[in-house]
Amino acid sequence: MTALARIAGSAKALGQSAKHAVFIPVVRRPDFDFPADLPKYWWDNDPAKTLLLAALSASFPAGERFFIDSVRHYQDQITDPELQKAIRGFIGQEAHHSKEHKLLNGYLEERGIGLGRLDREIQGFMDWMRKNLSPERQLAHTVAVEHFTALLAEEFLLKYDPLDQMDPRMAPIWAWHAIEESEHKAVAFDVYKAIGGSEFVRVTEMMAVSVLFPVFSGIHLVQLMKEAGELGNVKSWVQGVNYMFGKPGVFRKLLPAYFKYYSPNFHPWNHDATPLVEKAKKKWLGDWA
Ligand SMILES: [Fe+2]
Ligand SMILES: [Fe+2]
């Protein structure tokens, strides 16, 4: 049974406009180990691909704390008990992502990948948003980034072959994170709808995120490539750009799903990736799925 059918079966409407019931995310508590003999470039032996994911990992601890706080701000206003449970699942999952990626970032830092500075830069940006954006816009920011992370999880990490191309000791943390991003993709959105968040703010915040996310990621990738002495590695750049935008063109192919966000009828569960998630759970999480 797909998640869509499952949640529809136990449907508890969130409001008049909601078409989907709440999916309660399960909080897992993994404890990843990163052995000393992992290759420096653990995704496909490629600097650009590896450092792009390292740059993303650097943004998770500060970013996910921000997501948690933006949802928590409205937690008391939520009267639906199912959505309350889902919020607790969302907070638990994101808190564990934050913790495990902090450990991963420390491990990568020890191996000469300068993620500490990136983390401080991102923390500075999050502090700026906390100070200058309304709570509604902060939540809209979370809703927008959650759409990005769900797309990256479902339409990239779980759909194509990056996990198989990674060192098998590094793949499980990315599989676990991708699976849980898919599981909790609708929580911030459902909270936003439940508190009567405006469509204008939701859509304009996505526009801002759509500029900031690739620009920050691109700048951070260039910085890390430079620090690693790989800035002039044309082969790695060409391979990376081809993988993302040429063949298979994973980023290019997720554009249709990205644009669905702008529809007034958008809901994260309109796109059900349960078969991919279930397959990945069996393959990468094993007993603790
Ligand atoms: Fe996460
Ligand atoms: Fe998330």
Side-chain angles (χ1 to χ4, degrees), residues 3 22-32 52-75 83 85-105 115 118-119 122-123 126 129 138-158 162-163 170-193 202 205-206 209-210 212-213 216-217 254 257-258 261 266-269 271 273-274 276-277 280-281 284-285 288-289:
V22 182
F23 180 82
I24 316 286
V26 180
V27 181
R28 304 174 183 88
R29 293 173 176 78
D31 191 9
F32 294 104
L52 179 63
L53 282 193
L56 282 179
S57 182
S59 73
F60 291 148
E64 291 176 322
R65 264 195 310 275
F66 178 92
F67 304 156
I68 289 171
D69 290 344
S70 69
V71 169
R72 207 176 246 155
H73 179 86
Y74 290 105
Q75 199 171 359
L83 186 52
K85 275 190 222 161
I87 291 171
R88 287 196 288 278
F90 168 82
I91 291 173
Q93 286 192 340
E94 292 292 35
H96 282 280
H97 299 169
S98 198
K99 176 176 162 275
E100 292 299 320
H101 277 274
K102 214 170 179 162
L103 292 173
L104 172 60
N105 296 347
L115 301 186
L118 261 57
D119 181 42
I122 291 156
Q123 185 63 59
M126 296 296 157
M129 287 202 294
Q138 290 186 42
L139 182 58
H141 182 87
T142 298
V143 174
V145 179
E146 284 292 302
H147 183 53
F148 262 94
T149 52
L151 284 179
L152 289 176
E154 296 170 350
E155 297 295 307
F156 165 39
L157 283 171
L158 302 182
L163 296 170
M170 184 57 87
I173 186 171
W174 293 97
W176 162 70
H177 199 158
I179 286 162
E180 295 196 348
E181 286 306 317
S182 178
E183 287 176 342
H184 72 227
K185 64 182 175 180
V187 177
F189 179 89
D190 286 341
V191 172
Y192 190 77
K193 287 285 175 185
R202 182 179 75 84
E205 194 53 31
M206 176 51 108
V209 167
S210 303
L212 293 172
F213 195 82
F216 270 134
S217 302
L254 56 77
Y258 159 78
Y261 189 87
F266 170 79
H267 188 282
W269 280 113
H271 177 65
T274 308
L276 283 175
V277 170
K281 273 162 67 178
W284 297 105
L285 304 193
W288 53 279

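Read the numbers this way: they start at 1 and go in the same order the structure lists the ligands and their atoms. Throughout, residue positions are numbered sequentially from 1 according to the sequence presented.
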Where is the tightest heavy-atom contact between Phe23 and Glu183, given as atom of each residue plus distance? CD2-O, 3.2 Å
As a test of reading the structure, name the N/O/S atom of His184 that is nearest the Fe ion (ligand 2). NE2
Do you see an N/O/S atom of Glu94, backbone or side chain, under 2.8 Å from the Fe ion (ligand 1)? yes
Could you tell me whether Phe266 and His147 have their ring centroids closer than 6.0 angstrom? yes
For a side-chain hydrogen bond (donor to acceptor under 3.5 Å, both in side chains) with Thr149, tell me which candidate from His184, Glu181, Lys185 qualifies. Glu181
With rounding to 10 degrees, Glu64 OE2, the Fe ion (ligand 1) and His97 ND1 define an angle of 110°
Just checking His96 against Trp176, ring centres under 6.0 Å apart? no
For the atoms OE2 of Glu146 and OE1 of Glu181, give the angle they form at the Fe ion (ligand 2), rounded to 10 degrees. 110°
